[in-house]
Amino acid sequence: MALRARQRCHAVLTGLVALTSAAVLSTAVPAHAADTWTEVGSDRADPLTESQGLASVEVPANSPNRYTGIGTIPAGVSSRGWNHVGDPDASYTGYYIEPYQRDDGGSKMFRVQAPDGTWSEYVHTLGSGEALNNSFVAISPGGQWMVSGEWGTMTRLLVHPTPGVNPGTSPSANLPWTSSIRLDHAVRDVQGCDFLTATTLLCSSDDPAGTLFGVTKPLLQIDLSAEPGTSDVTGHVTALRQLPLRSSCSGEFETEGIDYDRRTGTLRVIVVSPGFCVLTDSKTYRFTRS
């Protein structure tokens, strides 16, 4: 998320950490009928541990869903300056990846847990013109390539070899920015993406203005010209609907991470409530395709 927005959320949640230690839907016209996502339920999103992102994990079998938030950052990671974790993802073979950023420096970090439970860290040095934000990761169904995102108004997404999966990666070497997804329509403040198919991404946008698609906080679909890899591909962007904005408090909602579970066909998106209600009625909303 943007530094200003992230600091707002970070301040609220940091205060909650200290306390804990002490004691109407609007829709855009979909591209086609298959891309209609209907809300089917919701679960409370814990502001400390479920406020940034989420991922369904297929391997090992019967693994619980994973979440990220300020309360999930290990002390040994935050002490080295990696103080923000974004929306994670997991490969179909069981590699789980969390994206990290810091407030200074010229790099991003991807923390990888292998199927055997061991952790490793892969650092990416920022390329020319690349923003420091590391909002999300989305691992391609084939597993070899990973999409990441910046913040603000963008016409691209970044593609890296998947750390720990792609044989060309190593914790001792820089994780390269290999290619880009060139978007045919600008997007704003994308907080998470996940692959629906090998050439289709679903993304959650925290856009507060609504000037790009005529709706704030949209669920986006990006149809790719080809699977991402070593060469740039293009992406056709469609706004499918506005994400739910319901709370007992009024103010600015914050759309966070997204996950698509191919086993159940369930799409989940975190929406953090405004003000004090971040503690009480933030939600992970569930959708199915109709």
Between atom [atom1] of [X] and atom [atom2] of [Y], what is the distance when rounded to the nearest 0.5 Å?
X: T153; Y: D189; atom1: OG1; atom2: CG; value: 6.5 Å
X: Q52; Y: T68; atom1: CD; atom2: OG1; value: 6.0 Å
X: W37; Y: L243; atom1: CH2; atom2: CG; value: 12.0 Å
X: E98; Y: T72; atom1: CD; atom2: OG1; value: 5.5 Å
X: W145; Y: T230; atom1: CH2; atom2: OG1; value: 5.5 Å
X: L157; Y: S180; atom1: CG; atom2: OG; value: 8.5 Å

Residue pair [X] / [Y], side-chain donor-acceptor N/O under 3.5 Å:
X: T216; Y: Q242; result: yes
X: D43; Y: T284; result: no
X: D184; Y: H236; result: yes
X: T118; Y: D116; result: yes
X: R182; Y: T234; result: no

Salt bridge (charged side-chain N to carboxylate O under 4.0 Å, His left out) pairs, two or more places apart, involving residues 61-82:
R80-E121
[X] vs [Y] side-chain heavy atoms within contact, under 4.5 Å:
X: H124; Y: S148; result: no
X: Q221; Y: T200; result: yes
X: I70; Y: L48; result: yes
X: S140; Y: E227; result: no
X: R262; Y: P141; result: no
X: D87; Y: L54; result: yes
X: L201; Y: I181; result: yes
X: R268; Y: N65; result: yes

Let's go through V269 and L202 carefully: what are the C-alpha distance in whole Å and the side-chain angles of both, what is the deciding distance for side chain to side chain contact (heavy atoms under 4.5 Å, CB included) to 0.1 Å, and is it a yes or a no?
CA-CA 10 Å; V269 184; L202 294 173; over 6 Å; no
N/O donor-acceptor pair under 3.5 Å between [X] side chain and [Y] backbone:
X: H185; Y: L212; answer: yes
X: T169; Y: G164; answer: yes
X: K108; Y: A131; answer: yes
X: S51; Y: G69; answer: no
X: Q191; Y: T255; answer: yes
X: N133; Y: S135; answer: no
X: K283; Y: R44; answer: no
X: T162; Y: Q144; answer: yes
X: S225; Y: V233; answer: no
X: D194; Y: A138; answer: no

Could you report the tightest heavy-atom contact between [X] and [Y], atom names first, then the distance?
X: E252; Y: P208; answer: OE2-CB, 3.5 Å
X: N134; Y: P99; answer: ND2-CB, 3.4 Å
X: V237; Y: I222; answer: CG2-CG1, 4.2 Å
X: S204; Y: G257; answer: OG-C, 4.0 Å
X: G229; Y: V159; answer: O-CG1, 3.8 Å
X: P228; Y: A198; answer: CD-O, 4.0 Å

If hydrophobic clusters are built from ILVMFWY residues whose side chains come within less than 4.5 Å, do [X] and [Y] share one?
X: F136; Y: V187; answer: yes
X: Y260; Y: V40; answer: no
X: Y67; Y: V278; answer: yes
X: Y92; Y: Y95; answer: no
X: I139; Y: L175; answer: yes

Does the separation of the ring centres of F110 and H160 fall below 6.0 angstrom?
yes
Steps toward side chain to side chain contact (heavy atoms under 4.5 Å, CB included) verdict (C277, S248)
CA-CA 7 Å; C277 289; S248 298; 3.9 Å; yes
Could you walk me through whether I97 and D89 satisfy the side chain to side chain contact (heavy atoms under 4.5 Å, CB included) test, starting with their C-alpha distance in whole Å, then the side-chain angles of each, then the deciding distance to 0.1 Å, before giving a yes or no?
CA-CA 6 Å; I97 303 177; D89 199 11; 5.9 Å; no
Given side chain to side chain contact (heavy atoms under 4.5 Å, CB included), test S231 with S179 step by step and report yes or no.
CA-CA 5 Å; S231 301; S179 63; 5.6 Å; no
With a distance cut-off below 6.0 Å to the six-membered ring centre and an angular limit of 45° from the axis, does R241 pair with F287 as a cation-pi contact?
no
Remaining members of the apolar cluster that contains Y100, side-chain heavy atoms under 4.5 Å
I73, V77, W82, V85, M109, V123
Does D207 form a salt bridge (charged side-chain N to carboxylate O under 4.0 Å, His left out) with K217? I'd like the steps, not just the answer.
CA-CA 5 Å; D207 180 4; K217 318 292 183 180; over 6 Å; no
